[in-house]
Amino acid sequence: MEPGNGTQISDFLLLGFSEGPELQPLIFGLFLSMYLITVFGNLLLVLAVASDSHLHTPMYFFLANLSFVDICFTSTTIPKMLWNIQTQDNVINYAGCLSQMYFFLLYAQLDVFLLTVMAYDRFMAICQPLHYMVIMNPQLCGLLVLVSWVISVLNSLLQSLMVLRLTFCTVLEIPHFFCELNQVVGRACSDTFLNDLVIYFNTVLLAGAPLAGIVYSYSKIVSTICGISSAQGKYKAFSTCASHISIVSLFYSTGLGVYLSSAAPQSSHSSAVASVMYTVVTPMLNPFIYSLRNKDIKLALKRIIGVPVM
């Protein structure tokens with residue numbers, strides 16, 4: 001194929017997990033199970049928050065938004081992967097690859113912002129309890145979510161437009177189960193310096209800055225908790241943050257680990273495996289982590305499904 005711009009490239013090949021054919025049914029069943037658990041678990045959490053007036057608070061509002069985004073986040077990659085395994089056809093066309101990459105970046109960035117907003121919410125609840133309900137009013141909560149959406153949409157649009165300027169010289173093999181930005185850019189035959197620069201600043205500004213905000217919030221939270229005199233008070237304050245800390249740690253440790261190691265060619269297959277942690281496992285665990293230790297959510301889920309929740 002002669003060199004040309006992106007519109008002349010018709011196909012990409014998603015190699016996914018290129019194990020032998022005998023393992024494909026096992027991989028299909030595993031990912032289908034995780035996807036269904038993710039969708040139904042997060043959907044139940046959204047319904048629980050929406051249906052119970054006791055959960056109409058800033059913390060649960062942000063949690064419901066996070067669950068909705070996690071459903072969308074997982075749905076951008078897993079259905080296509082399952083279809084590829086079922087049909088034994090790893091081809092995705094150029095428009096489909098670009099669309100998948102756009103929505104993946106959108107929902108991944110939303111995850112980052114919502115986790116940051118939730119850290120700010122916990123900071124206000126623990127460090128400024130007397131002013132919490134005044135400051136974290138519905139207008140501010142809605143504005144924080146809206147701003148998160150706007151920035152995420154603009155960022156995804158910028159990254160996708162940057163890919164459109166690249167030239168690809170042949171049918172591309174992507175050693176991943178979805179069109180991941182770094183993998184696509186790394187296989188262009190034109191100069192990618194500007195793309196790499198945008199990706200670098202994006203990572204620092206839109207991933208590193210929120211992480212710094214989360215770390216700052218929790219440093220203040222820990223300082224405030226240490227100043228609480230009673231052990232019961234300390235435990236109660238910390239228990240409201242434990243679930244969020246778990247999700248943040250899992251999401252950032254796996255996500256940043258994948259992107260920091262993606263420059264090494266030999267890590268392509270291991271990068272695909274590691275990506276499963278933050279693209280599939282973390283969204284699947286969210287509803288369990290947030291509900292297992294939360295009596296309010298347990299009661300709301302009990303009213304929805306009609307059976308006790310452990």
> Do you know which two heavy atoms are closest between K80 and I92, and how far apart they sit?
Replying inline: CE-CB, 4.0 Å

>> Under the rule for side-chain hydrogen bond (donor to acceptor under 3.5 Å, both in side chains), what residues qualify as partners of N65, not counting sequence neighbours?
In response: none

> Angle class for the Y94/F12 ring planes (parallel below 30°, perpendicular above 60°, tilted otherwise)?
Replying inline: parallel

>> Which heavy atom of F113 sits nearest to which heavy atom of S152, and what is that distance?
In response: CD1-OG, 3.5 Å

> For the residue pair E173 and R187, what are the closest heavy atoms and their distance?
Replying inline: O-NE, 3.0 Å

> Residues in side-chain hydrogen bond (donor to acceptor under 3.5 Å, both in side chains) with Y218, at least two apart?
Replying inline: H244

> Should the ring pair F104 and F73 be called parallel, tilted or perpendicular, given that the plane angle runs from 0 to 90° and is split at 30 and 60?
Replying inline: tilted

> Where is the tightest heavy-atom contact between V276 and M34, given as atom of each residue plus distance?
Replying inline: CG1-CE, 4.5 Å

>> Is a donor from one side chain sitting under 3.5 angstrom from an acceptor on the other, for N90 and N84?
In response: no

> Is there a path from I221 to I135 through hydrophobic residues (I, L, V, M, F, W, Y) whose side chains come within less than 4.5 Å of each other?
Replying inline: yes

> How close do R165 and N195 get, heavy atom to heavy atom, and via which atoms?
Replying inline: NH1-OD1, 2.6 Å

> Would one find more than 12 heavy atoms of other residues, nucleotides or ligands at under 6.0 Å from atom CD of Q232?
Replying inline: no

>> The criterion is side chain to side chain contact (heavy atoms under 4.5 Å, CB included); which residues satisfy it with C72, sequence neighbours excluded?
In response: F68, Y107

> Is there a chain of hydrophobic side chains (I, L, V, M, F, W, Y, each step under 4.5 Å between heavy atoms) that links I151 to V198?
Replying inline: no

>> Test question: given the 4.5 Å side-chain rule for I, L, V, M, F, W and Y, name all other residues clustered with L197, or answer none.
In response: F193, Y200, F201, V204

>> Just to verify, which of L45, L63, I247 counts as forming a side chain to side chain contact (heavy atoms under 4.5 Å, CB included) with N286?
In response: I247

> Does some side-chain heavy atom of W83 sit less than 4.5 Å from a side-chain heavy atom of M81?
Replying inline: no

> Going by atom types only, do N202 and N155 share a side-chain donor-acceptor pair under 3.5 Å?
Replying inline: yes

> Are any of the side-chain heavy atoms of C141 and M136 separated by less than 4.5 Å?
Replying inline: yes

> How would you list all residue pairs meeting salt bridge (charged side-chain N to carboxylate O under 4.0 Å, His left out) that involve residues 194-218, not counting sequence neighbours?
Replying inline: none

>> If the condition is side-chain hydrogen bond (donor to acceptor under 3.5 Å, both in side chains), which residues does D111 pass it with, not counting sequence neighbours?
In response: none

> What closest approach, in Å, do V112 and A207 show between heavy atoms, and which atom pair accounts for it?
Replying inline: CG1-CA, 4.4 Å

